[in-house]
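The sequence lines fix the lettering, A, B, ..., with proteins before strands; numbering per chain opens at 1.
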Amino acid sequence: MDRDSVQAPAIPGMEGPYDASRVETHWYDRWEDAGLFAPSDDTDREPFVIAIPPPNITGALHNGHVMFVAYQDLMIRWHRMRGRAALWIPGTDHAAIATQAVIERELRREGTSRHEIGRDEFERRFWQWRDTFGSRITQQLRRLGTSADWTRERFTMDEQLSRAVREAFVRLYEKGLVYRGEYLVNWCCEDRSAISDLEVEHETLDGHLWHIRYPLKDGGHIVVATTRPETMLGDTAVAVHPDDERYRDLVGGTAVVPGIGREIPVIADPEVDREFGTGAVKITPGHDPNDWRMGQRHGLPVVSILNDDGSLNDAAGQWAGMDRFDGRRAYVAYLEAEGLLERVEPHTHSLGHCQRDGSVVEPRISEQWFVNTRPLADRAAQAVHDGTLRFYPQRAAAEFLRWMEMIQPWCISRQLWLGHRIPVWYCRACGETMVARTDPDCCSACGSEDLTQDPDVLDTWFSSGLWPFSTLGWPDETPDFQRFYPTDVLETGSDIIFFWVARMVMLGLELTDRLPFHTVYLHGMARHADGSKVEKSNYQPGDDPAEIIEPYGADAFRFMIVTSTSEGADLRINLKRIEASAHFANKLWNGAKFVIGAMERADDETEAMAAPTIVDDWITAQFAALHADVVRLVESFQFGEAGRRLHEFLWSEFFDWYVEAAKIRLYSGAAGEARRAAATLAHVLEGSLRLLHPFMPSLTEEIWHHFRDAGGAPDAPEWLMATPIAEPPLSGDAEAVGQVRDLIAIVQGIRNARHESNVEPGRMIEARIILNGAAEFIERERAFVERLARVEPLSFHPHGTQFDDPAVTVRTAGVEVNLPLAGMIDLAVEHERLAREREERLADLKRAETLLSNEAFTQRAPAKVVDNERQKAAAARSALDQIEERLQALPPRS
RNA sequence: GGGCGCGUAGCUCAGCUGGUCAGAGCGCGCGGUUCACAUCCGCGAGGCCAUAGGUUCGAGUCCUAUCGCGCCCA
């Protein structure tokens, strides 16, 4: 409790436990002031570019967004340190429909509406909103350590990006890829706007199937089944299957729409499902996609019965003006009163809902702008087939291709106020349509100045689809565009692969003639502890990143994200794991404190630095292996494995073993020995900081500066962030690695035996090691065993030496360790222990012998594998011999 | 209806191209104020890798089917 009594030399500025929040805010500002987020000017450096998935300005960032920061900042920092001119372009998205909805909600609270305040005032409100939330989002991103180049920050509604949108629209129009037409679209009655197919969410619901007697003009009726009876008001035919015997005679007849009196034909069409309902169906081309296609084939008229707010229009006769749901009830009641309702049965069916507000989407006929995606999709698919566009996880490529194959025209006009206005003008005088890059003053056909601009705006994804190039200056050939386009990796959530990724690929190929990026990395969804998705519409307490960052730190949060999942898998936000990451940060902090202290303690140049020991060679080799692994893993997008590898190395090898072993030379060795240990400590810490920096940037940067203050890495750059990560070193000393692995096994064996024999942890005990062949290194590194296993005296004996006194024996690493725990041995316990070990060894032997006696195995398996089994068998046999000896040497029980 | 993913220690999850992969963190048990760290250290218990077949000398790791969970598309 009295921390002041700790005798370790205090490192100024490193007192106490790691304080993430102080460190993280400190370094972020320094990095930015030093201009480190901008890409290198050195044109010899190959660029590495990521365009941020621009967050919607509808609100603040939640924990789900932290995922993209974790992965993208990792990649950007990694490649920056690998020598690339790294550019991360930040920005935000206006999110037309979503942002309009939240602003309208705010207006409603104020007792007004957008219609009341008008378009200009609405626009003012929008920019006000954008300033508030846009800056809040960028503040959040900064707090997370986002090393993006803020001097290149963009917003989809910026003047330049808006110009790109207009250019894109005009070009596509000129090539006939954008067109206007009256089609059946998904209509959201809440937004009073068309929405795209992707914005419709299908949900399976329990509903009803109404069987209705459709009156025939010549008397009698034909029974049809429908889930939406009110749409009968818009029927223009009744259809049956051409081969359906039941209705053959009725085809060509005439039915009459009840309550309306419209006469409609009975037609035959092979698309009718004879199994559904009665086999006869009503046809409503104005409100059903299948019926629409059938209507096209048969030249049926289209009747629309809905107003834009979902109420029934004049075509609905006496039901006009009613809400669609009330209209359904009223019309069904009418049918029933007329004796036309045969029966109603329960029925589950799939119903489309608006992604934004959840209201039931109505197919509705209207005039909209579309992108003919077919040719664009073919090119996008080709890029995947070519291998020029790669996906992580790979399965996303198949998903992408399937969607591209089935792609439908993309409805891009929205009946909203917020967004990029469609650059189309109509002449009121002559009806001319003008699609123009600059606002026209007069009609290009008749010269009239009586022009009106299309009132609609574009789907927000149209502008986001240009993001990787519009942010770099396109359509102009700016220096940035020339140097940084195409970008490299597109990293985002797997939920917007079609909304966003697919559109960028299609539009990028069409407009820039290049893929906007070569690699797509998709992360999974952030989930709450209960498994529900973290998203704006499901915002829960605790979803605010600040609630995690403040207590644990952004580094810890990010490290947890990266190391807790595999590629593309969903991530449950788990505070326990974040806490563990924070503990890891603290561990590194304390470990670094020790290394820096060691460097200062060993700063005595009066004696030449001693040669490395095998323990030095071991950790150097282990670090080299780590370095190679991390480079390989990160550069093959296996970030989680890379992070876990760093964690494992630092904690379980460097701190648990090397640091403990280094203390021998630091505290009691000669100055030259201490220098060598300190140098090795410094070498490993330095390299580890570099490798870990992209995962935990602030922590490592902080340590780096203390490290350099103590004389570490004198030739390296001032900033860790700007320090290179070199190519992996050549592999290290394999012999030393094996030898130290044996030393560790011996220590672990002794510790285990001590614990089982209830030896007090602090007590020194005698140990005798019976060597088996060439193992001088154990004698040479005897201090390793003495200190870490707490044994004294430690003696060495040739193979075959027998001790008769009561002792606990441990066989490991090819040696036998004899612990004469006089007076401390519980013979029963030791008996049991040996018997248990004999069982285990017998099992090992049996397994190996069974394998080896199988000729198929010895002949077909690789020699290495077979040899390995032979060694296992030999080791087991020799151990069994020793166990037998010990058992016999033990005094009889009882 | 079509497609995809997941089911591994009590919990949350790793296990890349089949042969030391049966692992980590947390939790749990026992024991620790040793000079970086109690946000710590040491030792340990816990899993027939959903089920049933198959391929193979050898399968959490590949194939098929089944059960359970989740998602996407129509």
Side-chain angles (χ1 to χ4, degrees), chain A residues 1-2 5-11 14 16-18 20 197-198 200-202 289 350 352 393 395-396 398-399 402-403 406 408 494-495 497-498 524-525 527 529 531-533 552 556 560 563-598 601 632-633 636-638 640-641 643-645 647-648 651-652 655-656 659-660 663 666-667 681 747-748 750-756 758-762 787-790 851-852 854-862 864-866 868-869 871-872:
Chain A
M1 60 182 273
D2 184 7
S5 69
V6 170
Q7 292 158 10
I11 313 295
M14 292 190 86
Y18 180 58
D197 295 343
L198 281 177
V200 179
E201 289 181 346
H202 295 273
S350 172
R395 65 186 126 82
E399 209 178 325
R402 267 193 298 278
W403 191 70
M406 306 188 313
Q408 296 293 313
S494 54
D495 54 339
I497 179 172
F498 306 133
M525 297 296 101
R527 299 192 174 275
S532 67
K533 189 170 159 187
Y552 300 110
M560 174 270 181
T563 55
S564 286
T565 64
S566 56
E567 179 185 275
D570 287 357
L571 170 75
R572 236 176 255 240
I573 303 292
N574 181 334
L575 288 183
K576 279 291 176 192
R577 287 189 88 132
I578 296 170
E579 200 181 344
S581 293
H583 290 178
F584 174 54
N586 191 55
K587 182 71 181 179
L588 184 65
W589 174 252
N590 282 301
K593 219 188 285 187
F594 172 82
V595 174
I596 291 165
R601 180 191 300 269
R632 174 179 57 82
L633 290 166
S636 59
F637 296 87
Q638 299 180 68
E641 276 299 294
R644 286 185 287 267
R645 220 15 213 103
H647 178 278
E648 181 207 12
W651 204 317
S652 307
F655 294 140
D656 281 352
V659 161
E660 293 309 316
K663 286 176 180 173
L666 284 170
Y667 295 136
L681 284 165
V747 170
Q748 285 176 325
I750 297 173
R751 283 175 176 172
N752 179 321
R754 291 174 59 113
H755 188 260
E756 287 196 349
N758 290 316
V759 177
E760 300 92 315
R787 180 180 174 105
L788 299 185
R790 301 195 68 73
L851 261 181
L852 289 167
N854 182 348
E855 271 188 39
F857 172 74
T858 50
Q859 284 173 9
R860 298 204 193 184
K864 202 178 108 190
V865 175
V866 177
N868 200 1
E869 288 304 321
Q871 282 178 21
K872 276 188 197 170

TODO: Figure out the CZ/P separation between A:Arg787 and B:rU34, and round it to whole Å.
DONE: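 Atom-to-atom, A:Arg787 to B:rU34, this comes out as 12 Å.
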Task: Options B:rA74, B:rC72, B:rC13, nucleotide nearest the side-chain atoms of A:Phe498 - done: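 Nucleotide nearest to A:Phe498's side chain: B:rC72.
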Open item on the list: Counting only side-chain heavy atoms from C-beta out, which of B:rA74, B:rA36, B:rC71 sits nearest to A:Phe594?
Closed with: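 Looking only at side-chain atoms, A:Phe594 lies closest to B:rA36.
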What are the atom names and distances for every N/O pair under 3.5 Å that joins the protein to nucleotides 60-63 of chain B?
none

Task: Under the side chain to side chain donor-acceptor pair (under 3.5 Å) test, residues paired with A:Asp656 that sit two or more places apart - done: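 Applying side chain to side chain donor-acceptor pair (under 3.5 Å) to A:Asp656 gives none.
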Task: Sequence-distant partners of A:Asp570, side chain to side chain donor-acceptor pair (under 3.5 Å), two or more places apart - done: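 If we apply the side chain to side chain donor-acceptor pair (under 3.5 Å) test to A:Asp570, skipping adjacent residues, the hits are A:Arg527.
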Output all residues satisfying side chain to side chain contact (heavy atoms under 4.5 Å, CB included) with [X], sequence neighbours left out; order by chain, then residue number.
X	value
A:His755	none
A:Gln748	A:Trp657, A:Ile744
A:Arg402	A:Ala398, A:Glu399
A:Leu852	A:Phe857, A:Thr858, A:Val866, A:Glu869, A:Arg870, A:Ala873

Verify, without hydrogens or angle tests, whether [X] (side chain) and [Y] (backbone) share a donor-acceptor contact under 3.5 angstrom.
X	Y	value
A:Lys593	A:Gly16	yes
A:Arg572	A:Ala529	yes
A:Arg645	A:Leu633	no

Below 4.0 angstrom from OP1 or OP2 of [N], is there any side-chain N or O of [X]?
X	N	result
A:Asn590	B:rC40	no
A:Trp651	B:rU39	no
A:Tyr18	B:rC40	no
A:Lys533	B:rC71	no

Open item on the list: Classify the ring geometry of A:Phe584 against A:His647: parallel below 30°, tilted from 30° to 60°, perpendicular beyond 60°.
Closed with: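 Rings of A:Phe584 and A:His647: tilted, 30 to 60°.
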Task: Ring geometry between A:Trp403 and A:Phe498 (parallel below 30°, tilted from 30 to 60°, perpendicular above 60°) - done: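 Judged by the thresholds at 30° and 60°, the geometry between A:Phe498 and A:Trp403 is parallel.
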So what does [X] hit on the nucleic acid, given a heavy-atom distance under 4.0 Å: a base, only sugar-phosphate, or nothing?
X	result
A:Met406	sugar-phosphate
A:Val659	base
A:Asp495	nothing
A:Glu648	nothing
A:Glu660	base

Open item on the list: Just to be sure I follow the notation: if a pair is Watson-Crick (purine N1 to pyrimidine N3 plus N6-O4 or O6-N4) or a G-U wobble (N1-O2 and O6-N3), each under 3.5 Å, what dot-bracket string does RNA chain B give, with | for pairs to another strand?
Closed with: (((((((..((((.....[...)))).(((((.......))))).....(((((..]....)))))))))))).
Task: Anti or syn - B:rG18, cut at 90° from 0 - done: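 Nucleotide B:rG18 adopts anti.
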Open item on the list: Would B:rG70 be called syn or anti here, given the cut-off of 90° from 0?
Closed with: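 Chi for B:rG70 falls in the anti range.
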Open item on the list: Closest-nucleotide mapping onto RNA chain B: is A:Lys663 or A:Leu198 further toward the 5' terminus? I mean the 5' end.
Closed with: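 That would be A:Lys663.
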Open item on the list: If you assign each of A:Phe655 and A:Gln748 to its closest nucleotide in RNA chain B, which residue comes earlier from the 5' end?
Closed with: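 In this pair, the answer is A:Phe655.
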Task: CA sep, side-chain torsions, deciding dist, call: A:Ile750, A:Leu788, side-chain contact (heavy atoms from CB on, under 4.5 Å) - done: CA-CA 10 Å; A:Ile750 297 173; A:Leu788 299 185; over 6 Å; no
Task: salt bridge (Lys or Arg N to Asp or Glu O under 4.0 Å) partners of A:Glu641, counting only residues at least two apart - done: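 Once residues adjacent in sequence are excluded, the partners of A:Glu641 under the salt bridge (Lys or Arg N to Asp or Glu O under 4.0 Å) criterion are A:Arg644.
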Task: Contacts of A:Arg577 that satisfy salt bridge (Lys or Arg N to Asp or Glu O under 4.0 Å) - sequence neighbours left out - done: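 Partners of A:Arg577 under the salt bridge (Lys or Arg N to Asp or Glu O under 4.0 Å) test: none.
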Open item on the list: I'd like to know if A:His755 reaches the base of B:rC30 with its side chain such that a donor and an acceptor end up less than 3.5 angstrom apart.
Closed with: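 Side chain to base: pair found, below 3.5 Å.
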TODO: List the protein contact pattern of nucleotides 14-26 of chain B with one symbol per nucleotide (5' to 3'): B for base contact, S for sugar-phosphate-only contact, - for none; contact means a heavy-atom distance under 4.0 Å.
DONE: SSS--B-----SS
- [ ] Produce a footprint string for nucleotides 2-9 of chain B: one letter per nucleotide, 5' end first; B if the base is under 4.0 Å from any protein heavy atom, S if only the sugar-phosphate is, - if neither.
- [x] -SSS----
